[in-house]
There are 2 protein chains.
Amino acid sequence: MDRLLDAGARAFADKGFHATTTRDIASRAGLSPAGVYVHFASKEALLHALSLAGHEAALDLVSRALTEPPTPTLRLTRLMSDFAAWHAEHHEVARVVQYEFPHLSPGHYAEVVALRRELHAKVQAVVEDGVTGGEFVVDDVRETVLALLSLCIDVARWYSPRGRLTASDIGSRYASLGLRLLGADRRVPGS
Amino acid sequence: MDRLLDAGARAFADKGFHATTTRDIASRAGLSPAGVYVHFASKEALLHALSLAGHEAALDLVSRALTEPPTPTLRLTRLMSDFAAWHAEHHEVARVVQYEFPHLSPGHYAEVVALRRELHAKVQAVVEDGVTGGEFVVDDVRETVLALLSLCIDVARWYSPRGRLTASDIGSRYASLGLRLLGADRRVPGS
DNA sequence: GTCTATAAATCGATAGAC
DNA sequence: GTCTATCGATTTATAGAC
């Protein structure tokens, strides 16, 4: 079960949902071609289980980052750091979460889209807090939220474990970039 | 031929390379199921033609943006504006360029990766110019270049023609966000 | 629960008429 | 150059033994 989820994540991340055969997944999990259907009714059901678990993990991470630190600046710093690092550290699941979920069945797709909207809304609320309190200075809140999440999400596209940067490196870099997008670092002008 | 390229771009952008059938492409182009093979030897050959044309268009756009304006700040402003808007305006081709090219055959893949490296190098050179001349203040040039391009590329993922923003809106927003990432707007501190 | 074997459907690509 | 018809291979999923 866990073995199949892991095999599915690696296969889908590597080749995409439709290019992955059930034989490939079974093989990665050390099972026979029919082994997938013992635990999942279909290939789509496996994608659904992966997408749901991945989105819930991401939403948990984001919720904690946005509530535990005491100020909007510290909350967004933590968000960018943890969310960017998550896309690197769990880049297989992250790729499924960000790029394969459109291949879900219509019902499962709608379910996942609701989780994604929830995540956006949580981030937007904290950015609005920061703007209201004067910690952030932005042209447009929605565009800024989109850009912040865009940066983190795109990590799943370009990240390679054989690259120059660790997940933790990426986290601290992206926290700094996020503060720039938020206009939260104006107290330390460069040059 | 042009009809097939257009049909292929829309189909691949909509459902991905492997989920697209040659019958689907032919149907979108108004041809019979065998119609694809009159102009292309295989489905992969069509993806190759699309990827190549798309990457060359992107590289042209970027090259002009990075040479026509007179200063690094104006060059990067133009780059972010045009490149982000391109990913919205041509989001079908852009999706193929950014997300489907890994499904090319190894030889064609290598050809496209070379074009992508060329694009990165051009951007990095201008950012380095701006840092040397004192127009930009960044922690790390490579990370900043990656983030700038990340922002533009991710537009192809989330953009919808039925959305709130036009391609031109996105261009001007992203130009402003890019200057923040570059530390190029420190002369106008907020609050 | 895992296997082997295979059914049923679909897909990429080709043959050959016009 | 476009069509109809179809081949051959592959894929998802199931049947049934162990």
Side-chain angles (χ1 to χ4, degrees), chain A residues 1-53 92 95-96 99-109 111-112, chain B residues 1-54 92-93 95-96 99-109 111-112:
Chain A
M1 178 81 169
D2 279 354
R3 237 193 188 161
L4 271 169
L5 283 170
D6 191 57
R10 281 182 287 121
F12 293 157
D14 189 31
K15 322 203 292 187
F17 176 70
H18 278 102
T20 298
T21 66
T22 54
R23 282 170 166 78
D24 184 14
I25 297 165
S27 163
R28 286 180 197 245
L31 296 173
S32 73
V36 174
Y37 297 92
V38 175
H39 288 283
F40 295 96
S42 67
K43 192 171 80 161
E44 194 271 346
L46 203 165
L47 176 64
H48 178 229
L50 268 171
S51 294
L52 211 57
E92 290 106 344
R95 260 186 212 180
V96 175
Y99 299 116
E100 302 303 323
F101 80 95
H103 297 120
L104 287 167
S105 69
H108 292 158
Y109 176 80
E111 179 186 22
V112 161
Chain B
M1 177 80 171
D2 280 354
R3 239 194 190 161
L4 271 168
L5 283 171
D6 192 56
R10 281 181 288 121
F12 293 158
D14 190 31
K15 321 203 293 185
F17 176 70
H18 278 101
T20 299
T21 66
T22 55
R23 284 167 170 80
D24 183 15
I25 298 166
S27 164
R28 286 179 196 246
L31 296 173
S32 73
V36 173
Y37 298 93
V38 175
H39 290 284
F40 296 95
S42 66
K43 191 170 81 160
E44 193 273 345
L46 203 165
L47 177 65
H48 178 228
L50 267 172
S51 293
L52 211 58
E92 289 107 344
V93 172
R95 258 185 216 182
V96 175
Y99 299 115
E100 303 303 323
F101 80 94
H103 297 121
L104 287 167
S105 70
H108 291 159
Y109 177 80
E111 179 187 21
V112 161

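Note: hydrogens, waters and symmetry copies are ignored here, and every other heavy atom, side chains too, is used. Chain naming here is simple, since letters A, B, ... match the order of the sequence lines and numbering starts at 1 in each.
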**Prompt:** Does OP1 or OP2 of dT11(D) have a side-chain N or O of His18(A) closer than 4.0 Å?
**Reply:** no
**Message:** Please determine whether a side-chain nitrogen or oxygen atom of Thr22(B) lies at a distance below 4.0 Å from atom OP1 or OP2 of dG12(C).
**Reply:** yes
Starting at atom [atom1] of [X], determine the distance to atom [atom2] of [N], rounded to an integer number of angstrom.
{"X": "Phe12(B)", "N": "dG12(C)", "atom1": "CZ", "atom2": "C1'", "answer": "12 Å"}
{"X": "Leu47(B)", "N": "dG12(C)", "atom1": "CG", "atom2": "P", "answer": "13 Å"}
{"X": "Lys15(A)", "N": "dT10(D)", "atom1": "NZ", "atom2": "C1'", "answer": "13 Å"}
{"X": "Leu31(B)", "N": "dT2(D)", "atom1": "CG", "atom2": "P", "answer": "6 Å"}
{"X": "Leu46(A)", "N": "dA13(D)", "atom1": "CG", "atom2": "C1'", "answer": "14 Å"}
{"X": "Lys43(A)", "N": "dT11(D)", "atom1": "NZ", "atom2": "P", "answer": "9 Å"}
{"X": "Phe17(B)", "N": "dC11(C)", "atom1": "CZ", "atom2": "P", "answer": "14 Å"}
{"X": "Phe40(A)", "N": "dT2(C)", "atom1": "CZ", "atom2": "C1'", "answer": "16 Å"}

Nearest of [options] to any side-chain atom of [X]?
{"X": "Ala34(B)", "options": "dG1(C), dA13(C), dA5(D)", "answer": "dA5(D)"}
{"X": "Tyr37(B)", "options": "dG1(C), dG12(C), dT4(D)", "answer": "dG12(C)"}
{"X": "Ser32(A)", "options": "dA13(D), dC3(C), dG1(C)", "answer": "dC3(C)"}
{"X": "Arg23(B)", "options": "dA13(C), dA13(D), dG1(D)", "answer": "dA13(C)"}
{"X": "His39(A)", "options": "dG1(D), dT2(C), dA13(D)", "answer": "dT2(C)"}

**Request:** Anything under 30° is parallel, anything over 60° is perpendicular, the rest tilted; go ahead and classify His18(A) against His103(A).
**Result:** perpendicular
**Spacing of Lys43(B) atom NZ and Leu47(B) atom CG [to the nearest 0.5 Å]** = 9.0 Å
**4.5 Å side-chain heavy-atom contact, Arg28(B) and Asp14(B)** = yes
**Request:** Kindly give the heavy-atom pair with the smallest separation between Pro33(B) and Ala26(B), and that separation in Å.
**Result:** CA-CB, 4.1 Å
**Asked** With a non-hydrogen cut-off below 4.0 angstrom, is Thr21(A) in contact with a base, only sugar-phosphate, or nothing?
**Response** sugar-phosphate
**Message:** Given 3.5 Å as the limit, does a donor-acceptor pair link the side chain of Glu92(B) with the main chain of Ala13(B), or not?
**Reply:** no
